[in-house]
**Student:** 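This is the structure, below, for whatever I ask next.
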Amino acid sequence: MMAKCPVCGGEVNVPDDALPGELVEHECGITLEVVVDGDLVGLKPLEGVREDWGE
Amino acid sequence: MGGVRLLLLYDILRWEEKSFIDTARKLGVDIIPLHVPTVFGKVGDKSLTGVGEVDVALQRSVSFYNSLESTILMESYGINVMNKSYTIMTCQDKLWTTSLLVRNGVPTPDTYVTFNHDTVYRIVGNGLRYPFVVKPIHGSWGKLLALVDDEEDLRTVVEHRSFMHNPMYSVYYVQELVRKPGRDIRVFTVGEEVPVAIYRYSDHWITNTARGGKAVPAQIDPELEDLALRAAKAVGGDFLGIDVFEHPEKGYVVDEVNAVTEFRNTVAVTGYDLTRKVLEHLISVARE
């Protein structure tokens with residue numbers, strides 16, 4: 001499905017089977033996080049996680 | 001391997017979580033992804049969460065609080081979560097981890113603790129010598145570590161910490177600087193096995209791959225295997241990433257233990273299917 005980048009307004013191709021929390025890289029350079037609210041699928045800029053586990 | 005219902009708790013869908021979903025489906029495991037930031041539920045009654053009958057759960061939340069608290073919630077429903085809340089909590093707290101390792105005879109770098117900005121100066125000369133490393137008791141990816149070469153460095157670190165509002169920064173977790181051979185070792189334990197390990201090479205004293213350390217396949221000798229399993233037992237963990245230093249005098253020492261570990265770089269350089277290994281272990285746990 002196609003969605004709009006909340007940062008640049010450009011089109012973003014979101015996989016039909018995307019899950020909430022899935023990350024989508026956009027050509028404008030932003031990393032977007034898939035947000036699902038009922039049947040609605042949206043995008044928001046990835047804010048990152050402050051507390052974490054690493055490799 | 002069908003017939004097992006696996007709950008995947010996550011917040012951000014990284015490479016690892018996608019790999020678990022894809023591999024579980026290939027194995028015929030009924031995997032149920034649960035996005036922790038949008039979950040709500042009543043303690044002890046799972047009906048609000050939408051979580052049905054599950055055999056076992058895998059905790060994969062990046063956020064420590066998401067991982068700990070959602071594990072505790074799932075445990076209130078009697079769900080067996082890997083890793084369990086006790087392990088997540090102990091591994092998040094470096095002092096707790098070190099304490100459990102030491103009490104279980106697992107070698108660690110010499111570690112000192114104090115609870116006040118002024119008292120940290122008194123550790124120096126009473127066992128601790130420059131240079132050393134000051135670490136936050138919580139956190140990973142090598143963040144907020146400070147290398148202290150002399151008293152002026154220490155004064156700077158103390159002054160900065162004294163202006164931080166989080167009381168965590170008045171706890172000083174101070175470790176000898178281990179003169180590593182340009183690398184450390186990330187060892188993975190799954191159940192009672194040590195299937196894979198990597199060296200993390202870096203010219204910097206912080207060697208995390210999240211900080212640019214280069215991953216290379218590592219040999220697992222019997223001593224390293226034994227050390228990793230004893231560390232895993234000390235924190236009660238099932239799937240762990242254990243950071244090991246090669247200490248020039250003491251040999252292998254365990255620096256940290258990660259209870260929700262990343263492993264994409266490990267898979268990339270070793271070719272080892274760690275995702276499948278973890279899923280197979282979970283399936284065996286579910287069938288016990």
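Labels below follow one simple rule: chain letters A, B, ... track the order of the sequence lines, proteins then strands, and each chain is numbered from 1. Values reported hereafter were calculated over all heavy atoms of this structure, with side chains retained and with hydrogens, waters and symmetry mates removed.
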**Student:** CG of B:Asn166: more than 12 outside heavy atoms within 6.0 angstrom?
**Tutor:**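 Yes - once you tally the heavy atoms of other residues, nucleotides and ligands closer than 6.0 Å, there are more than 12.
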**Student:** Go through the steps to decide whether B:Ile12 and A:Leu46 satisfy the test side-chain contact (heavy atoms from CB on, under 4.5 Å), and finish with yes or no.
**Tutor:** CA-CA 9 Å; B:Ile12 300 292; A:Leu46 175 66; 3.7 Å; yes
**Student:** Mind checking the CZ-CD spacing from B:Arg14 to A:Glu22? Nearest 0.5 Å is all I need.
**Tutor:**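 So the gap between those two atoms works out to 13.5 Å.
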**Student:** Report the C-alpha distance between A:Leu19 and B:Ile21 in whole Å, list the side-chain angles of each, state the deciding distance to 0.1 Å, and finish with yes or no for side-chain contact (heavy atoms from CB on, under 4.5 Å).
**Tutor:** CA-CA 11 Å; A:Leu19 293 167; B:Ile21 293 169; 3.7 Å; yes
**Student:** What verdict does the side-chain contact (heavy atoms from CB on, under 4.5 Å) test give for B:Leu13 and A:Leu23, after you've listed the backbone C-alpha separation in whole Å, the side-chain angles of each residue and the deciding distance to 0.1 Å?
**Tutor:** CA-CA 7 Å; B:Leu13 212 58; A:Leu23 303 181; 5.8 Å; no
